[in-house]
Amino acid sequence: MSTTSQISVEKSKPFSIAKRSFPENKCILSIPIPRLSQCHIPLLLSRAIVSGLFLKLPLVHSVLRSLSLGPVPSLSLSFLSLLRHSGYLTLDNYSLNIALSATARLPSVSVGAQLHSLTVKLGLVSDTFVLNSLINMYSSCSYPTTARLVLDSAPQGACDTVSWNTIIAGYLRGGMPNKALQAFGQMAKEQVRLDDVTLLNALVASGRTGTVMVGRLCHALVILNGIQISSYMGSSLISMYAKCGLAENARKVFDGMYERNVVCWTSMISGYTQLGSFKEAVELFRDMQISGMKADDATIATVVSSCAQMGALDLGRYVHAYCDVHGLGKELAVKNSLIDMYSKCGDIKKAYEIFCGLTKRDVFSWTTMIMGFAVNGLCGQALDLFAQMEEEGEVMPNEVTFLGVLTSCSHGGLIEQGYHHFQRMSMVYNLAPRIEHYGCMVDLLGRAKLLALAEQFIKEMPIAPDVVVWRSLLFACRACGEVGYAEYVAERILELEPKKFEGHVLLSNVYATTSRWVDVNKLRTSMDGNRMSKQPGCSFIEVDGCVHEFFAGDESHVETEAIYNILLGINELLVAESLLI
DNA sequence: CTAGGGTTAG
């Protein structure tokens, strides 16, 4: 089996192509071909071949390989086809391997599929390298299921660790982390040798599915096998622990690392952001700057998201300025996060300014801006923007976009429009409404005090209502003074989450409105008996650019009550339900 | 031939 290393070992006499001469083969191989104009190389070589020059096979192979890795992988394919048709080369396992890795980088699977049938015809599917390239080609072209079919129907003994690793990576890329985890299990069951790439992929799968057990197992395997915690491994571990809600474990991995690159730092910062520890996220960003590690766009995007969720406008502005100084923030993800930050912090003008300045807009840009208008009470503008999005038609709305649209209708009291968009969501865009969308609709009807309609809507839902849906209905009951029905609804919430604090409180509030103090007491006593402790309501406030975090009922904060009153005035969103007790 | 972090959410 030919490999690249064999090629670079090969040395030969000087030879020439056209009028350019090279001292030896090795020199050609070390030419950074992507730096030359890639288009000229096949042209140059084609001319040489047509004029009857014989080129050594290793050179041809190396050029094919470079082209397949270059910016225009299809050049590799056209050159290969020329070589074949001029009788220069017959397709063997090596050239087929190169061709397949070129097609893996094409947007369409069609050429790759043609090569697949060629592979079968030539009887090369039992070659492990060719097989793996084939699997990789289907995985990269977003056909992970077909890739799996290739693996499952491969001849006995042809598959190896890389084949399985490629399958797992393909599932992850295709947004199928459960399948990835399953494949990892099968791999272990069939006693395929696991390596560090396997564990790395399995860690990603564990994180995305929230399967701590498997994540821990992988971590244990890493330690037991003495696998070095590289930046790759470390960032995967950190991200896995963070996604499973174990911030401390993530931090332990982070602190214990011998060397960390920007990805490790970003993994930890984004872990904090995802877990709602915004202050820690920002602090770690500071530590990162102190340590001299340069942030990149991924870091900025997650830090800005933390600022947005804290409502820290000054801090957000600082990070924005940091971007300009360090030449960062050119990527859309950062601009989108800035739009979100400015609109969540109330500077909707600045948010819209950034949005308007975008030369390219993805679904995040539109959705963030729509949601930004909605939460700032500019429901009309939110809906106008959605109309503009549909009119331009370059970006398809997704489920979250419709959450923004429905929220706008709900906040604006636009019932007919709400129904209209709710229907269009599935009819026009083939998006199945999720429980969140049903929640929006109940909220829409409840806010308009259309209690009977809201109730009917819940009854006709194809999914079981969750706590949020019931809570929306409960608020509607309260607004309509329907105490009896409110009791029923509060009981449903309690039923869904008997161990949680909230349901008990809601029910006891309902009792309190009808002065049923005996029932209130009974409920409170049972709560104490169950040692039910509430999650403290937590808020942030920025004073002179400094972010203070405080908890409801936090005695250490002397000004808690005062700040709470300020918050009530600033942003109704910050008022956690448990603060009201 | 395979590998890590990032933006929207009732």
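Everything numeric in this text was worked out from a predicted model, so none of it was measured. So you know, we letter chains A, B, ... as the sequences are listed, proteins then strands, and number each from 1.
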Reckon A:V262 touches a base, only the sugar-phosphate, or nothing at all at heavy-atom distances under 4.0 Å? base
Using a 5.5 Å cut-off between ring centres and planes within 30 degrees, is A:F364 stacked on the base of B:dT8? no
Among B:dT2, B:dG4, B:dT7, the one nearest any side-chain atom of A:S231 is B:dG4
Please state whether the phosphate of B:dG4, meaning OP1 or OP2, lies under 4.0 angstrom from any side-chain nitrogen or oxygen of A:R173. no
Atom CG of A:D196 and atom P of B:dT2 are separated, to the nearest Å, by 14 Å
Taking any heavy-atom pair under 4.0 Å as a contact, classify A:T367: base, sugar-phosphate, or nothing. base
Separation of B:dT7 atom C1' from A:I269 atom CD1, nearest Å, is 15 Å
When you get a sec, tell me which of B:dG4, B:dG10, B:dT2 is the closest nucleotide to the side chain of A:C440? B:dG10
Base of B:dG10, side chain of A:D466 - is there a donor-acceptor contact under 3.5 Å? yes
Flag for A:S95-A:D92: side-chain donor and acceptor within less than 3.5 Å: yes
For A:V120, what residues pass the side-chain contact (heavy atoms from CB on, under 4.5 Å) criterion, not counting sequence neighbours? A:H116, A:V125
Any donor-acceptor pair under 3.5 Å joining the side chain of A:S235 to the base of B:dG4? yes
Could you please name the option among B:dA9, B:dG4, B:dG10 that lies closest to any side-chain atom of A:V263? B:dG4
Quick one: does NZ or CZ of A:R424 land under 6.0 Å from the six-membered ring centre of A:Y429, within 45 degrees of the ring axis? no
Just call it for A:L406: base, sugar-phosphate, or nothing, with non-hydrogen atoms closer than 4.0 Å on any strand. nothing
To the nearest Å, how far apart are A:D340 CG and B:dA9 P? 5 Å
Just to be sure I understand the rule, does A:V303 reach a base, reach only the sugar-phosphate, or reach nothing, if contact means heavy atoms closer than 4.0 Å? nothing
Is it true that A:K350 and A:E353 make a salt bridge, defined as a side-chain N closer than 4.0 Å to a carboxylate O? yes
Residues of residues 133-141 of chain A with any non-hydrogen atom less than 4.0 angstrom from an atom of DNA chain B: list those, numerically ordered, please. A:S133, A:N136
Measure from the side chain of A:A298, starting at C-beta and using heavy atoms only, and say which of B:dG10, B:dG4, B:dG6 lies closest. B:dG6
Kindly say if A:K344 contacts the phosphate of B:dT7, meaning a side-chain N or O under 4.0 Å from OP1 or OP2. no
Within this structure, what is the CD1-to-C1' distance between A:I167 and B:dC1, rounded to whole angstrom? 12 Å
Any base atoms under 4.0 Å from A:E331, or only sugar-phosphate, or nothing? Heavy atoms, all strands. base
Closest to the side chain of A:V400, out of B:dG5, B:dC1, B:dA9, is B:dA9
Please report whether the ring centroid of A:F422 lies less than 6.0 Å from that of A:F402. no
Nearest to the side chain of A:S305 - B:dA3, B:dA9, B:dT7? B:dT7
Residues A:D296 and A:T299: side-chain donor-acceptor under 3.5 angstrom: yes
Is there a donor on the side chain of A:S267 or the base of B:dG5 sitting less than 3.5 Å from an acceptor on the other? no
Can you measure A:M288 atom CE to B:dG5 atom C1' for me and round it to whole angstrom units? 10 Å
Any side-chain N or O of A:Q274 less than 4.0 Å from the OP1 or OP2 oxygen of B:dG5? no
Considering only side-chain heavy atoms of A:S337, which listed nucleotide, B:dT7, B:dG5, B:dG4, is closest? B:dT7
From NZ of A:K330 across to P of B:dT7 the rounded distance in Å is 20 Å
Are the side chain of A:N398 and the backbone of A:V400 linked by a donor-acceptor contact shorter than 3.5 Å? yes
In terms of ring plane angle, is the pair A:Y419 and A:F457 parallel, tilted or perpendicular, where the classes change at 30° and 60°? perpendicular
Which nucleotide in the list B:dG6, B:dG5, B:dC1 gets nearest to the side chain of A:N132? B:dC1
Would you classify A:V469 as touching base, sugar-phosphate or nothing, given that sugar-phosphate means primed atoms plus P, OP1 and OP2, and contacts are heavy atoms under 4.0 Å? base
Between A:N165 (CG) and B:dC1 (P), how many Å, whole number? 14 Å
Does A:D296 make a side-chain donor-acceptor contact with the base of B:dG5, cut-off 3.5 Å? yes
Determine whether a donor-acceptor pair (one donor, one acceptor, N or O, separation below 3.5 Å) exists between the side chain of A:N201 and the base of B:dG4. no
What's the OH-C1' distance between A:Y232 and B:dT2, to the nearest Å? 11 Å
A:Y94 ring center within less than 6.0 Å of A:F129 ring center: no
Assess the pair A:W265 and A:F285: is the distance between their ring centroids shorter than 6.0 Å? no
I want to check one thing: is the phosphate of B:dC1, taken as OP1 and OP2, less than 4.0 Å away from some side-chain N or O of A:S163? no
